[in-house]
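Worksheet: one structure, shown below.
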Amino acid sequence: MVVTRFAPSPTGYLHIGGLRTALLSYLWAKNRGGKFVLRIEDTDKARNSEEATQAILKAFEWLGLEADGEITYQSQRDEIYAKYIKQLLDEGKAYKCYMSKEELTQLRETQMAAKERTMYDGRYHDFTGTPPEGVAPVIRIKSPKTGEILVHDGVKGTISFQAEDILDDFVIARADGAPTYNFVVAIDDHLMGINEVIRGDDHLSNTPKQIVVYEALGFDIPAFYHVPMIHNSNGKKLSKRDGATDVMDYKEMGYTPQALLNFLVRLGWSHGDQEIFSFEEMIELFNPKDINKSASIYNTEKLDWLNSHYIKNTSNAELAELLTPYGVVLTSHDKKEILLDALKERAKTLKELAALVTEIVTTPSEYEAKAVKKAFKDAAFEVLEAYSEKLKANEPHLPTDYHALMEEVVSEMEIGFGKIGMPLRVALLGKMGGPNIDVIMAVVGKEETLLRIAKAIEKNS
Ligand code: GLU
């Protein structure tokens, strides 16, 4: 069974690069009928926060990504790590290194002066003497000194690392006993049964170290897929300014979960030239071997395009629900279908849609000077009065009813349609623009329409 994982370090919000690897890991597990597990890598007590963990979980909830089983917290696994450190020491595969900070600094300076690469020189590798006093040792793993370490990567192919270049018996436990990052990742991936690791290629340089740990402990090495980074349109690594913000900011900005997930799955993966993928389709079609080899480009227009696609194709009942966090309560409005049908093509985001709805359902308190000048001229107020009389004498309900009454005024007063349409629009909205005026009147209803007409006449005459 395929088991994938997402293993964030809770040092801040979840950003979209992280979310993308989480999504790809999730999709692949589900495609294979496997499991997707979550591990919180919270060993760095100074930088981690419970708040950040909660932020990650909240983002997962919003997007409908659910991890299987219990969440693993590295901060609760010290005993497990200690057991493996002891095992490696007992087996002679790791050793205590008593080099003091001063000695390390000195070694580094000497190497730098000689223009050599700075690295630990292995002086405690075979040490059997009496340890120096007053130095708490770190634990180093005995890593291969020659040959190559091969990373078989499902995206990048086989990558060879020269053992001597990168592995200087790296530390697996610090002087205070705290295990180090690459050590615990390998142990946890093994113990959690993870056999396919999909992660950002910024972790590629860690992989040979993790392989050393796997091999020292006799664990099977998982399949790796290192996903190229997301770049901005200038080919630089995505920064906050480009959109590498908190995933929850996308909710705030009015993006739907489907649009964001669809956007992310296409960043670095493709299936022919298909752009729109339902969640089910993503699961069905995703395969990590189709991940692109080169960096992907973040493109806001694409995200907007996808978002408007999903807004257009969401049922009005669901849209009404989705709009509530943006301060618009339409769920029990009897004209929400008419209103949303008229507006959903015009909005790139839920926030924009909420603003459009608000504009219509709120009585205008101001009237745009330019619009007033254009609309409230000649006999405009007489026309508005005539329309009010028609409204009072009838019980219009649908946009067509409001339209029919406009037609009556137009023919009775022998005026063009613009002579009633424009004044009504400005009376109802305080400005030009917006959907059909009959739709607006039907949505706000007869009483509110009468009120807005009276107010517009009063304020502008
Ligand atoms: N904790 C690491 C991070 O947040 C990810 C580790 C991994 O995927 O192996 O960058």
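When a ligand or atom number is given, it counts from 1 through the structure's own listing order. Just so it is clear, the values below take in all heavy atoms, side chains as well, and ignore hydrogens, waters and symmetry mates. Values in this document were obtained by computation on a predicted structure and should not be read as measured data.
Residue contact check: Pro8 has heavy atoms under 4.0 Å from atoms 1 (N), 4 (O) of ligand 1. Applying the 4.0 Å criterion to heavy atoms of Arg5 picks out, from ligand 1, the atoms 7 (C), 8 (O), 9 (O).
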When the side chains of residues 225-236 are checked against the rest of the protein, which donor-acceptor pairs come out under 3.5 Å, sequence neighbours left out?
{"from": "Tyr225", "atom 1": "OH", "to": "Glu196", "atom 2": "OE1", "distance (Å)": "3.2"}
{"from": "His226", "atom 1": "ND1", "to": "Asp153", "atom 2": "OD1", "distance (Å)": "2.6"}
{"from": "His226", "atom 1": "NE2", "to": "Arg199", "atom 2": "NE", "distance (Å)": "3.1"}
{"from": "His226", "atom 1": "NE2", "to": "Thr207", "atom 2": "OG1", "distance (Å)": "3.0"}
{"from": "His231", "atom 1": "ND1", "to": "Gly235", "atom 2": "O", "distance (Å)": "3.3"}
{"from": "Asn232", "atom 1": "OD1", "to": "Asn234", "atom 2": "N", "distance (Å)": "2.8"}
{"from": "Asn232", "atom 1": "OD1", "to": "Gly235", "atom 2": "N", "distance (Å)": "3.2"}
{"from": "Asn232", "atom 1": "OD1", "to": "Lys236", "atom 2": "N", "distance (Å)": "3.0"}
{"from": "Asn232", "atom 1": "ND2", "to": "Asp242", "atom 2": "OD1", "distance (Å)": "3.4"}
{"from": "Asn232", "atom 1": "ND2", "to": "Asp242", "atom 2": "OD2", "distance (Å)": "3.1"}

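Checking each of Asn307, Asn262, Thr314 against Thr256 for a side chain to side chain contact (heavy atoms under 4.5 Å, CB included) leaves exactly one that passes, namely Asn307.
Between Asp176 and Arg174, none of the side-chain N atoms (NZ, or NE/NH1/NH2) sits under 4.0 Å from a carboxylate O, so this pair counts as no salt bridge. Between Arg266 and Glu275 there is a salt bridge, since at least one side-chain N of the basic residue sits less than 4.0 Å from a carboxylate O of the acidic one. A salt bridge links Arg5 with Asp189: the closest approach of a Lys/Arg side-chain nitrogen to an acidic carboxylate oxygen falls below 4.0 angstrom. A salt bridge is defined here as a Lys NZ or Arg NE, NH1 or NH2 lying under 4.0 Å from an Asp or Glu carboxylate O, and Glu352 with Arg346 fails to meet this definition.
At the top of the distance list for atom 5 (C) of ligand 1, counting protein heavy atoms only, stands Ala7 O, 3.2 Å. The nearest protein atom to atom 10 (O) of ligand 1, hydrogens excluded, is given as His203 NE2, 2.9 Å; this is a heavy-atom distance.
For the ligand labelled ligand 1, residue Tyr181 lies inside the 4.0 Å heavy-atom shell.
The residue Phe224 has no part lying near ligand 1, judged by heavy-atom distances below 4.0 Å.
Ligand 1 has a nitrogen or oxygen under 3.5 angstrom from a nitrogen or oxygen of Ser9. Where the criterion is an N or O separation shorter than 3.5 Å, residue side chain and backbone included, Val185 fails it with respect to ligand 1.
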